[in-house]
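The structure's right below; bear with me while I get my questions together.
Just the heavy atoms: all of them, side chains too, but no hydrogens, waters or symmetry mates, feed the values below.
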Amino acid sequence: MKTDHRLIWRTWFLTRSLMAVVAISVIINGNKKLGDVLANWDVQHFLAIAEKGYVETNDVAFFPLWPLLLKLIPLSGMPVIATASLLAAGFSLLAVFALYRLGGRGAAIAWLLAPTAVFTVVPYTESLFCAAAFWAWERAGKQRWGQAAVLAAIASGVRISGLFLIGALAIYALTQQLQDPASPGQVEKLIARGKRLLWLLLPLAVLAGFAVYLFWLRGSWTSWYEAQAAGWNRGFTWPWETFQHTLAAASPDYAPGHPEWHWMFKTEIISWLVGLIVTGVCLFRRNWAEAGWVGVQVAAFSTSHWLISVSRATLLWFPLWTQLGKLGETRSASLRYALLGLAVVMLIVQQLWAWFFFTGAWAS
């Protein structure tokens, strides 16, 4: 096994083990059950959809593939929560090795140290989506567009971010250079680009199918958006209004009964700024598709009532982790020590974030 692979495996095991220790300590000290620490927040929606279908109005805000997997788990006789968490951890391993292909050892390790990594070890959609999306990007980079389309279709069945992935892949399809050493003519280039774009009709069909299903179920083409607005106050606002609302929520006086809320909103602002920086770096380097992937998500968050779930979304931003990985390749000793210090801080914050989630506190 390559040295890089061994280090990635060890980092994966270390980070997951530490979060497991945090979960066990919460169970013991709080006299809780496993489901009490692993099945908080959105997990309850996924479980409800798996058991009853889209009965509750707000449940239509969640895409069907992950609840479908949860529905299949009991058929194996395995406990749902524990098995789903193991699946999430396994998908996180698939995602990290896709990142290794995209950006090397540094990118993979940086992603494993992400502060919000708890969402890759509980029954959330992040691990499955990242595994499908990262590998879709890697396959597209190798000009295996059929495989990329299948993986993007899987991602599109997991969460709305699949729509942004399709858009970014479309930019990639239009800007990617042909591998043929001979210089093709303009007609050949147009045909090649057209074939790549045609493959993306597959993941688009998945999104269209879900939209048609929701129309049949609710009688509205905008039922997904309406559920987001009703359940999470994500109605459209102008970016300056979004920022004002978030700044107000980041005040300790906003929700004195929930002391973690203002800290979480502060991290949302920081994550949003990180997204702007990553988009700017990608544009500067003329990585148009990567800029589109992160930039359109930052824009979507910027036009919601407030910045929410941005910190979780950083897990999806593979250009962020590949750029951090490139910094790790520096020969500067001082920068290497700074990055090591950053890694330690990220690991500590990761465990604190896991504690927030496991105790039922709001964790983005």
Side-chain angles (χ1 to χ4, degrees), residues 63 65 91 94-104 107-108 111 125-126 128-212 275 278-300 313 315-323 325-326:
F63 277 51
L65 185 53
F91 285 131
L94 289 176
V96 84
F97 277 105
L99 262 180
Y100 175 75
R101 292 279 193 94
L102 292 171
W111 189 79
T125 60
E126 273 70 12
L128 176 55
F129 181 86
C130 286
F134 294 173
W135 277 108
W137 203 270
E138 190 275 340
R139 291 289 81 195
K142 299 296 185 183
Q143 300 204 26
R144 300 293 188 267
W145 281 90
Q147 298 172 20
V150 171
L151 290 161
I154 294 172
S156 297
V158 176
R159 53 191 293 153
I160 189 61
S161 309
L163 176 63
F164 307 141
L165 176 64
I166 295 169
L169 284 171
I171 298 173
Y172 202 3
L174 292 171
T175 58
Q176 186 183 53
Q177 298 297 317
L178 294 175
Q179 290 180 340
D180 189 344
S183 297
Q186 291 299 320
V187 174
E188 288 79 4
K189 288 181 181 179
L190 288 174
I191 292 174
R193 289 168 181 164
K195 288 180 178 179
R196 298 170 194 159
L197 292 174
L198 282 174
W199 275 115
L200 297 181
L201 291 177
L202 179 59
L204 274 176
V206 173
L207 291 175
F210 186 54
V212 170
V278 172
T279 303
V281 171
C282 289
L283 289 172
F284 178 77
R285 293 178 174 175
R286 298 185 178 183
N287 296 328
W288 310 119
E290 289 87 345
W293 169 234
V294 179
V296 71
Q297 294 180 63
V298 172
L315 292 166
L316 281 55
W317 298 347
F318 67 86
L320 164 62
W321 310 109
T322 55
Q323 289 174 20
K326 290 179 181 177

Closest contact, heavy atoms only, L207 versus G162: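 Where L207 meets G162 most closely, the heavy atoms are CD1-C, 4.4 Å.
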Which word best sums up how the rings of W137 and F318 line up, parallel for under 30°, tilted for 30 to 60°, or perpendicular for over 60°? tilted
Under the criterion side-chain contact (heavy atoms from CB on, under 4.5 Å), I'd like the reasoning laid out for I154 against L65: C-alpha separation, chi angles, the key distance, then a yes or no. CA-CA 8 Å; I154 294 172; L65 185 53; 3.8 Å; yes
With sequence neighbours left out, what residues match R139 under salt bridge (charged side-chain N to carboxylate O under 4.0 Å, His left out)?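 Counting only residues at least two positions away or on another chain, R139 forms no salt bridge (charged side-chain N to carboxylate O under 4.0 Å, His left out).
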Would you confirm whether W288, through its side chain, and Y172, through its main-chain N or O, come within 3.5 Å as a donor-acceptor pair? no
Show the numbers, then the answer: is there a side chain to side chain donor-acceptor pair (under 3.5 Å) between W317 and Q323? CA-CA 10 Å; W317 298 347; Q323 289 174 20; over 6 Å; no
E290: which residues meet the salt bridge (charged side-chain N to carboxylate O under 4.0 Å, His left out) condition with it, sequence neighbours left out?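 For E290, no residue satisfies salt bridge (charged side-chain N to carboxylate O under 4.0 Å, His left out) once neighbours in sequence are set aside.
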Please give me the minimum heavy-atom distance between L283 and A291, naming the atom from each residue.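 Closest approach of L283 to A291, heavy atoms only: CD2-CB, 3.6 Å.
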Does a side-chain heavy-atom distance below 4.5 Å link F134 with Y100?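 Sidechains of Y100 and F134: no contact.
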Residues forming a salt bridge (charged side-chain N to carboxylate O under 4.0 Å, His left out) with R101, sequence neighbours excluded: E138
CG-CH2 distance between L315 and W321, expressed to the nearest 0.5 angstrom: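 L315 CG to W321 CH2: 6.5 Å, rounded to 0.5 Å.
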Looking at every heavy atom in both A148 and A136, which two are closest together, and how far apart are they? CB-O, 3.3 Å
Tell me the closest heavy-atom pair linking G157 and F63, and the distance in Å.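 That closest heavy-atom pairing would be O-CB, 3.5 Å.
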Residue from L198, L169, L197 passing side-chain contact (heavy atoms from CB on, under 4.5 Å) with W145: L169
For the backbone of G194 and the side chain of R196, can you confirm whether one donor and one acceptor N or O come within less than 3.5 Å of each other?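 Judged by distance alone, no pair lies under 3.5 Å.
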Hey, can you tell me if W293 and F129 have their rings parallel, tilted or perpendicular (30° and 60° cut-offs)? parallel
Within the distance-only criterion (no hydrogens, no angle test), does the side chain of W135 pair as donor or acceptor with the backbone N or O of L94 below 3.5 angstrom? yes
Rounded to the nearest 0.5 Å, what separation is found between the CD1 atom of I160 and the CG atom of L165?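 Separation between the atoms: 11.5 Å.
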If you look at every heavy atom in Q297 and A313, which pair is closest and at what distance?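 Where Q297 meets A313 most closely, the heavy atoms are OE1-CB, 4.3 Å.
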Going by side-chain contact (heavy atoms from CB on, under 4.5 Å), L204 matches just one of L201, V206, L202. Which one?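 Among L201, V206, L202, the one that satisfies the side-chain contact (heavy atoms from CB on, under 4.5 Å) with L204 is L201.
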How far apart are the closest heavy atoms of A133 and A155, and which atoms are they?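 It is N-CB, 4.3 Å.
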Pairwise side-chain contact, C130 with L316, heavy-atom cut-off 4.5 Å (strictly under): yes
Rounded to the nearest 0.5 Å, how far apart are CD1 of I166 and OG of S161? 11.0 Å
Please tell me whether Q147 and W199 have a donor and an acceptor in their side chains that are separated by less than 3.5 angstrom.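 No, W199 and Q147 have no side-chain donor paired with an acceptor closer than 3.5 Å.
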Carefully, step by step, assess S156 and L163 under the rule side-chain contact (heavy atoms from CB on, under 4.5 Å). CA-CA 7 Å; S156 297; L163 176 63; over 6 Å; no
